[in-house]
Amino acid sequence: QLSDKEIRLQVGDWRPLTESRATLYEGEEDFTDGGTVYNPKPGGYFTLYGYIDGTNDVYLGRVTAYWDSYNNRNEWIFLSGNNEITYYWPNSDAINFFAYMPHKEYSGNLKHYVSNFQYSESTGQTFDCALPQTNEKDTEEIEFIYAYKEKQTKANNPLELEFKHPFAAIYFKLSPASSRMTINNIALEDVYLNGTFSCEKNEWTRLGEPGTFNATIDKRIPNDVNYNTIFAGPYLVMPQMLSNQVKLVLNATRAID
């Protein structure tokens, strides 16, 4: 049974990530800016699902939330097509909410490599990733972020969502080193690129066998990159233990002159 209280949305203060995490969503503007029809950006919208707690029943299915800044309104609203729509809290049931960005209908050319969204009473919300093995198209890659809030009722209105970053990112920073050296490529061997993430447990489960991530660099020191600077990355990876598992291989050549 529906109550007479409409669902209102509120997203926690957005903050940039620290250097050790992915920074493809770098600030609040990236989070709220959806661009235009001719130049779509991955922000400004997110997809929201709601499930009745203690069951497998869907309460809200693939709902679109939109950041409305027209006339300085500056709040998250629900859309059905191009029209604003209102959803109401159930009268007594608790709802488990799952949201993610970029939203399902995002029409840009950026990819996040996340799929297979599943929800059940026993496992909660899960999703899979199959990350690329090279950096060839890293300019076309967008970070996937999500929010998960359990056991929410009309007493919790407005629904406050905190978006999190399930992936880590790797950067490479150059320490003082020999000049006239060209860094050709970097490989991470025995790294897992496929896995399943549990929102309830906040952890990844590795899938399949480990592989190799190859990053083409082709930068010369100091012509293309100077000392003590980040020269490669961010490369999105599935968080995992590095010790006794992942092998870093750097291939470089040094010119005589």
Side-chain angles (χ1 to χ4, degrees), residues 1-14 25 28 30-35 40-70 73-108 110 112-129 142-166 196-202:
Q1 291 184 347
L2 295 176
S3 70
D4 60 354
K5 183 172 287 188
E6 64 181 90
I7 299 175
R8 306 293 296 174
L9 294 173
Q10 182 173 316
V11 174
D13 291 340
W14 183 258
Y25 281 102
E28 186 172 355
D30 296 327
F31 187 70
T32 58
D33 186 3
K41 297 181 180 180
Y45 299 80
F46 62 82
T47 297
L48 179 70
Y49 288 83
Y51 304 92
I52 298 177
D53 184 56
T55 75
N56 293 320
D57 297 336
V58 177
Y59 185 70
L60 294 177
R62 210 175 77 177
V63 170
T64 298
Y66 167 68
W67 177 252
D68 187 1
S69 59
Y70 185 70
R73 183 177 182 179
N74 294 333
E75 66 174 316
W76 291 98
I77 64 172
F78 292 111
L79 288 182
S80 177
N82 294 321
N83 300 315
E84 183 174 353
I85 189 172
T86 299
Y87 294 99
Y88 290 88
W89 289 92
N91 206 33
S92 57
D93 291 315
I95 305 297
N96 299 330
F97 289 97
F98 170 65
Y100 64 86
M101 182 185 284
H103 68 114
K104 188 172 181 62
E105 286 77 24
Y106 167 63
S107 59
L110 302 180
H112 54 65
Y113 304 102
V114 173
S115 62
N116 194 28
F117 299 95
Q118 299 289 336
Y119 177 87
S120 71
E121 176 189 358
S122 58
T123 64
Q125 182 70 48
T126 63
F127 53 81
D128 293 349
C129 78
I142 183 64
E143 182 193 12
F144 174 91
I145 57 177
Y146 80 97
Y148 189 59
K149 203 70 174 286
E150 295 181 295
K151 302 183 186 303
Q152 300 296 292
T153 69
K154 62 181 181 180
N156 300 114
N157 207 41
L159 171 64
E160 183 166 350
L161 298 172
E162 179 184 355
F163 280 81
K164 299 181 180 180
H165 310 262
T196 297
F197 185 78
S198 167
C199 296
E200 187 173 307
K201 297 179 180 179
N202 191 31

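Computed from a predicted model, the values in this text were never measured in an experiment.
- Of all the heavy atoms in Cys199 and Phe127, the pair that sits closest is SG-CE2, 3.8 Å.
- Screening Trp76, Phe46, Tyr45, Trp67 for a ring pair (Phe, Tyr, Trp, His ring centres under 6.0 Å) involving Phe31 leaves a single residue, Trp76.
- Between the side chains of Thr196 and Asp128, a donor-acceptor pair is found at a separation under 3.5 Å.
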- When you look at Val11 and Thr32, which way does the side chain to side chain contact (heavy atoms under 4.5 Å, CB included) test go after all the steps? CA-CA 11 Å; Val11 174; Thr32 58; over 6 Å; no

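- Residue Asn74 places its CG atom among more than 12 non-hydrogen atoms of other residues, nucleotides or ligands, all under 6.0 Å distant.
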- Could you walk me through whether Tyr106 and Met101 pass the side chain to side chain contact (heavy atoms under 4.5 Å, CB included) check? CA-CA 9 Å; Tyr106 167 63; Met101 182 185 284; over 6 Å; no

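- Ionic pairing of Glu6 and Arg8 is present here: one or more N-O contacts between side-chain nitrogen and carboxylate oxygen are shorter than 4.0 angstrom.
- Exactly one of Asn156, Asp53, Asn96 qualifies for a side-chain hydrogen bond (donor to acceptor under 3.5 Å, both in side chains) with Lys151. That residue is Asp53.
- Partner Tyr51 forms a side chain to side chain contact (heavy atoms under 4.5 Å, CB included) with one of Tyr119, Phe97, Tyr59 and no other, that one being Tyr119.
- Note that NZ of Lys154 is 12.5 Å distant from CD1 of Ile95, once rounded to the nearest 0.5 Å.
- Here the shortest heavy-atom pairing between Tyr146 and Pro166 reads CD2-CD, 3.8 Å.
- Between the CD1 atom of Ile77 and the CD1 atom of Ile85 there is a distance of 11.0 Å, given to the nearest 0.5 Å.
- To the nearest 0.5 Å, atoms CD (Gln118) and OG1 (Thr123) are separated by 8.0 Å.
- Counted within 6.0 Å of NZ on Lys5, heavy atoms from surrounding residues, nucleotides or ligands total more than 12; the atom is thus considered enclosed.
- No more than 12 heavy atoms of other residues, nucleotides or ligands lie within 6.0 Å of CD in Glu162, so this atom counts as exposed by the packing criterion.
- By the ring pair (Phe, Tyr, Trp, His ring centres under 6.0 Å) test, Tyr100 is found to be paired with Phe98, Phe117, Phe144, residues two or more places apart in sequence or in another chain being considered.
- Counting all heavy atoms, side chain and backbone alike, Leu159 lies closest to Gln152 at CD1-CG, 3.9 Å.
- Atom NZ of Lys41 is separated from atom CD1 of Ile142 by 11.5 Å, given to the nearest 0.5 angstrom.
- Within the model, atoms CD of Gln125 and OG of Ser120 stand 9.0 Å from one another, a figure rounded to the nearest 0.5 Å.
- At a threshold of 4.5 Å between non-hydrogen side-chain atoms, the residues Tyr66 and Glu84 do not count as touching.
- The shortest heavy-atom contact between Arg62 and Thr47 is CG-CG2, 3.9 Å.
- When side chains are defined from C-beta on, Leu48 counts as touching Phe78, because their heavy atoms get closer than 4.5 Å.
- Residue-environment remark: NZ (Lys149) exceeds the threshold of 12 foreign heavy atoms within 6.0 Å.
- The minimum heavy-atom distance linking Ala99 with Phe163 is given by the pair CB-CZ, 3.9 Å.
- Put simply, OG1 on Thr126 and CD on Glu200 are 10.5 Å apart, with the number rounded to the nearest 0.5 Å.
- Cys129 places none of its side-chain heavy atoms less than 4.5 Å from the side chain of Phe197.
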